[in-house]
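Below you'll find the structure I mean.
Below, chains carry the letters A, B, ... as their sequence lines are ordered, and counting in each starts from 1.
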Protein chains: 2
Amino acid sequence: MSKDAALDLPSLERGARETVGQWVYRSLRAAVMIGRIPPGQPLTIRGIAEALGVSTMPVREALRRLSAEQALEIRDSRRVLVPHMTPARFRELCELRIALETHAAERALPYITPARIEELAAIDRGIDEAHAAGDQERATILNQEFHRAIYTANPHQISLSLVESVWLQLGPFVRLALSRLREHYKIDRHSEALAAMRRQDAFALRIAIEADIRDGIAHVGTSELLTAYVGSGGKRMATVG
Amino acid sequence: MSKDAALDLPSLERGARETVGQWVYRSLRAAVMIGRIPPGQPLTIRGIAEALGVSTMPVREALRRLSAEQALEIRDSRRVLVPHMTPARFRELCELRIALETHAAERALPYITPARIEELAAIDRGIDEAHAAGDQERATILNQEFHRAIYTANPHQISLSLVESVWLQLGPFVRLALSRLREHYKIDRHSEALAAMRRQDAFALRIAIEADIRDGIAHVGTSELLTAYVGSGGKRMATVG
DNA sequence: CCTGCAGCAATGTGATCACATTGAAAAAAG
DNA sequence: CTTTTTTCAATGTGATCACATTGCTGCAGG
């Protein structure tokens, strides 16, 4: 039944060596990450299964996994949905991102090689191109890739999965952040980060990462961004801030 | 088939309003948390299902969830097992714990009330009792409860799930840490933390939390603790001491 | 005695079915 | 017309089955 409608999931290519469950997971994850699924809209197993043309089994496991990653919320009625955002939660997520990612960056720094820096610079150029082309979605993906490329330099990396969990929780709202692209007068924090890495300067790297995160999301603030969202689909939150 | 043997899962009580899946999850989680399942031992769906007297369905979802929480590792062969530990990974986990928990504590501090401090003090007394009684397992549980009670004071708490993920990853080795109980000459960091909270002193609280974590786990170091475990199970672990 | 290779048991994956619970629409009572 | 009750479709949960893949075991060939 397509009565739910509006559930347009990105049709990713199904890897040859990939199970159906993994494919469903990737599809759903990508949808959440770019804000394709509006918060509050209930996700039904059968609905998703039909939309993707698979049985319910792989969907159940994908939903379960996304829930474990805090990307989705399981209400006590066992209904699954994209969590609502509140100003306070948004603030907590930003601060948590900063705490986690500055830590991850610092731990990765000793393993950053000139080759890695060159890769990072290449990604950064790609981001500029995406911005120039007005492709905000691609810029977001590449920005994540930039950060990921830093943290994974650490061969003993373990915090990436936690970082990605936070990204997922912020995901439904990047769309909002992007719509107000004030990217014009944004200082290029990535350049600062690259410079810090070249000098092996841990402190400067932390500063750069924190500034980059704040520029990217925190500047939208809790003011307009959230009232738009929270106000619309509020269940128990009449008027926030 | 009980040929796998040794798979003694704690028999938790099944909540009335609890689904089988949740119960299986709790059981498995508790087993991992207290190091009941040796790393490297493959966990089979049917084996666990039989051990718990349920069908395979709830077990599949529980394993999937634990894997998403990094408590279990899914090999490319789709075999699920408790991850191996290495000195480097252990170090990363400890440092990540510190970064996460000092952050969580600081964010919770403004919400710490005298009532909450009294609760914390009560838990701390319980820990002392458990230590006195030689019940290390209970002391561990209560210690986690102590930390959890701090972080959840923040009504907008979101980092607890990440913290618990790290606890889970360290879980299989608390048994080791406990066996070398050098608790005798351990300074009571919890008291320091309590004092810091009474004064609303964020910096002192961070210091106390970090010291508590280091005392609790890091002091065992990467020396003896891990060689015992890692050494034995290089790849597929011939014989586990 | 060691090395491939074939066959088989074990395991994970996905589909389908039955059942209990939930949520909401419809009907009855005030 | 409002409120309560009843009923029923929709949904999540758990069990069972069929199938493909994995990995081991034993056998044959070197």
Exercise. For the pair made of CZ in A/Arg46 and P in D/dA9, what is the distance, rounded to whole Å?
Worked result: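 In whole Å, D/dA9 P lies 14 Å from A/Arg46 CZ.
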Problem set entry | Interatomic distance where CZ belongs to B/Arg75 and C1' belongs to D/dG23 [whole Å] |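 One finds 14 Å between C1' of D/dG23 and CZ of B/Arg75, rounded.
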Problem set entry | Under 3.5 Å side-chain donor-acceptor pair for A/Gln157 and A/Tyr111 |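 A/Tyr111 and A/Gln157 do not have a side-chain donor-acceptor pair below 3.5 Å.
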For this session: May I have the distance from A/Glu50 (atom CD) to C/dT16 (atom P), rounded to whole angstrom?
Result: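 Those two atoms, CD and P, are 12 Å apart.
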Problem set entry | Intermediate values then yes/no, side chain to side chain contact (heavy atoms under 4.5 Å, CB included), B/Thr140 and B/Ile34 | CA-CA 8 Å; B/Thr140 304; B/Ile34 62 176; over 6 Å; no
Problem set entry | Pairing of B/Glu50 and B/Arg46 as salt bridge, 4.0 angstrom limit |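 Salt bridge between B/Glu50 and B/Arg46, a charged N being under 4.0 Å from a carboxylate O: no.
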For this session: Among the candidates C/dG14, D/dT13, D/dT22, find the nucleotide nearest to the side-chain atoms of A/Ile45.
Result: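 Of the options given, the side chain of A/Ile45 lies nearest D/dT13.
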For this session: May I have the distance from B/Glu18 (atom CD) to C/dT21 (atom P), rounded to whole angstrom?
Result: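 From B/Glu18 CD to C/dT21 P: 15 Å.
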Exercise. B/Ser55 has a side chain; which of D/dG12, C/dT13, D/dT16 sits nearest to it?
Worked result: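 Nearest nucleotide to the side chain: D/dT16.
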Problem set entry | First of A/Asp76 and B/Met57 reached from the 5' end of DNA chain C, by closest nucleotide |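 Result: B/Met57.
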Exercise. Does a distance-only test, which skips hydrogens and angles, find a donor-acceptor pair under 3.5 Å between the side chain of B/Arg60 and the base of C/dG14?
Worked result: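 Under the 3.5 Å cut-off, the side chain and the base do form a donor-acceptor pair.
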Problem set entry | Earlier contact from the 5' end, DNA chain C, for A/Pro58 and B/Arg17 |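 Nearest-nucleotide comparison on DNA chain C picks A/Pro58.
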For this session: Would you indicate what B/Leu63 reaches in the nucleic acid, counting non-hydrogen atoms under 4.0 angstrom: base, sugar-phosphate, or nothing?
Result: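 Contact class for B/Leu63: none.
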Exercise. Hey, what do you get for CZ (A/Arg79) to CG (A/Leu72), rounding to the nearest 0.5 Å?
Worked result: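 The CG atom of A/Leu72 is 14.0 Å from CZ of A/Arg79, to the nearest 0.5 Å.
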Problem set entry | Euclidean distance, atom CD of residue A/Glu61 to atom P of D/dG12 [Å, nearest integer] |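 Checked: the CD to P distance equals 15 Å.
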Problem set entry | Nearest-nucleotide comparison on DNA chain D, the residue closer to the 5′ end among B/Thr56 and A/Arg79 |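 So the residue in question is A/Arg79.
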For this session: Send over the distance from B/Ile48 CD1 to C/dA10 C1', rounded to a whole Å.
Result: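 After rounding, the gap between these two atoms is 15 Å.
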Exercise. Between C/dG14 and A/Thr19, is there an OP1 or OP2 to side-chain N/O distance shorter than 4.0 Å?
Worked result: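 The answer is yes; a side-chain N or O of A/Thr19 sits under 4.0 Å from OP1 or OP2.
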Exercise. Just how far, in rounded Å, is C1' of C/dA20 from CZ of A/Arg78?
Worked result: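 The answer, rounded to whole Å, is 9 Å.
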For this session: Grab the CH2-P distance between B/Trp23 and D/dT13 for me, whole Å please.
Result: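 Atom-to-atom, B/Trp23 to D/dT13, this comes out as 17 Å.
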For this session: Describe the nucleic acid contact of A/Leu43 in one word from base, sugar-phosphate, nothing, applying a heavy-atom distance below 4.0 Å.
Result: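 Sugar-phosphate contact only.
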Problem set entry | D/dG23 phosphate, OP1 or OP2, under 4.0 Å from B/Ser77 side-chain N/O |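 Affirmative; the distance criterion is met.
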For this session: Carefully, step by step, assess A/Leu96 and A/Gln169 under the rule side chain to side chain contact (heavy atoms under 4.5 Å, CB included).
Result: CA-CA 11 Å; A/Leu96 180 55; A/Gln169 294 179 65; 5.9 Å; no
